[in-house]
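Down below is the structure, laid out as structure tokens.
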Amino acid sequence: MLDLEDSVPQNEKAESRRQLPESVARVGRKGASVLVRVNRGLRALAADLDAAVVAGVDALVLPKTDSAEWVSEIASAVLELERERNLVQERIRFLAQIETPAALQKLAAIASAHPRMVAMALGPEDFSASVGGTPEIDLLLTPNLSVLFAARAAGLLPLGFVGSISEFSDVDKLRQTAAHARRLGFAGALAIHPKQVAIFNEAFSPSAQELEWARNVIAAENDAAAHGASAFSLNGKMVDPPVVRRAHDTLALAGSNQPTSDQ
């Protein structure tokens, strides 16, 4: 992810936009997906889109997304630029960051606002500040789950974890937090530091024990099906179609997961 927003001082944003094509080429040179986080303000956003809608960019990260109408306006602008520049239309996808309590009331509409939408994530630091709180579990659990449910309902990737994104130096805590997020149903998370990447790749991938469990469930399912049963017992626990589906999803995830990185 290449950032044009909060990590770039105001007086350096123009230079960051100028360097963006080179950065896009460098980040994507080995096949990595390239995302660009743009600014929220109209003037800055217009300049960001002019710089970011180029060949090699796979998705835009939209901070402080608060309505479906906003997503649609950006989609229209991106389409105009794609047409003007003879780029593949509708190729660039959107990842919406939810960072205000008002946006929580419109999650379903935001998630289904446009076919470009591919993922949603809660911005824990901005969200906490917007409600006058600190990014702690008690405050962040409900909004994170709300984003998770809305994303899954719309067929999007739910990204994130319940905690502060700033605590990247405590490796053990980060690993536990990411593992907890996967158990809740999150598909991945946005990293802000390179040391987080390997931890996230591991935490959001099935463990050896999970893979063994999934294979055992599917083997037992095949045996049960041969005897005309759709529910059965395995190691003292009931297994029915939802559990079997989770086992298939686990194996599918192991086959599709590829290493990711953040720049």
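All figures in this text were calculated on a predicted structure; none of them were measured in a lab.
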Rounded distance (nearest 0.5 Å) linking atom CZ of Arg116 with atom CG of Leu95: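 Nearest 0.5 Å value for the CZ-CG distance: 14.5 Å.
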Other cluster members, Leu234 - Ile/Leu/Val/Met/Phe/Trp/Tyr, side-chain contacts below 4.5 Å: Trp213, Val217, Phe232, Val239, Val243, Val244
Is there side-chain contact between [X] and [Y], with heavy atoms separated by less than 4.5 Å?
X: Gln89; Y: Leu79; answer: yes
X: Leu60; Y: Leu49; answer: yes
X: Met117; Y: Val71; answer: yes
X: Pro158; Y: Val147; answer: no

Inspect the surroundings of [atom1] in [X] and state if more than 12 heavy atoms from other residues, nucleotides or ligands are less than 6.0 Å away.
X: Arg43; atom1: CZ; result: no
X: Asp170; atom1: CG; result: yes
X: Glu210; atom1: CD; result: yes
X: Ile137; atom1: CD1; result: no

Minimum heavy-atom distance between Ala178 and Phe204, given as atom pair plus value: O-CZ, 3.8 Å
Closest heavy-atom pair and its distance - Val197, Ala191: CG2-CB, 4.4 Å
Ion pair Lys64/Glu5, N-O distance below 4.0 Å: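 Salt bridge: yes.
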Salt-bridge present (Asp172, Arg175; N to O < 4.0 Å):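 Arg175 and Asp172: salt-bridged.
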Derivation and outcome, salt bridge (Lys or Arg N to Asp or Glu O under 4.0 Å), residues Arg40 and Asp126: CA-CA 13 Å; Arg40 179 63 168 82; Asp126 281 275; over 6 Å; no
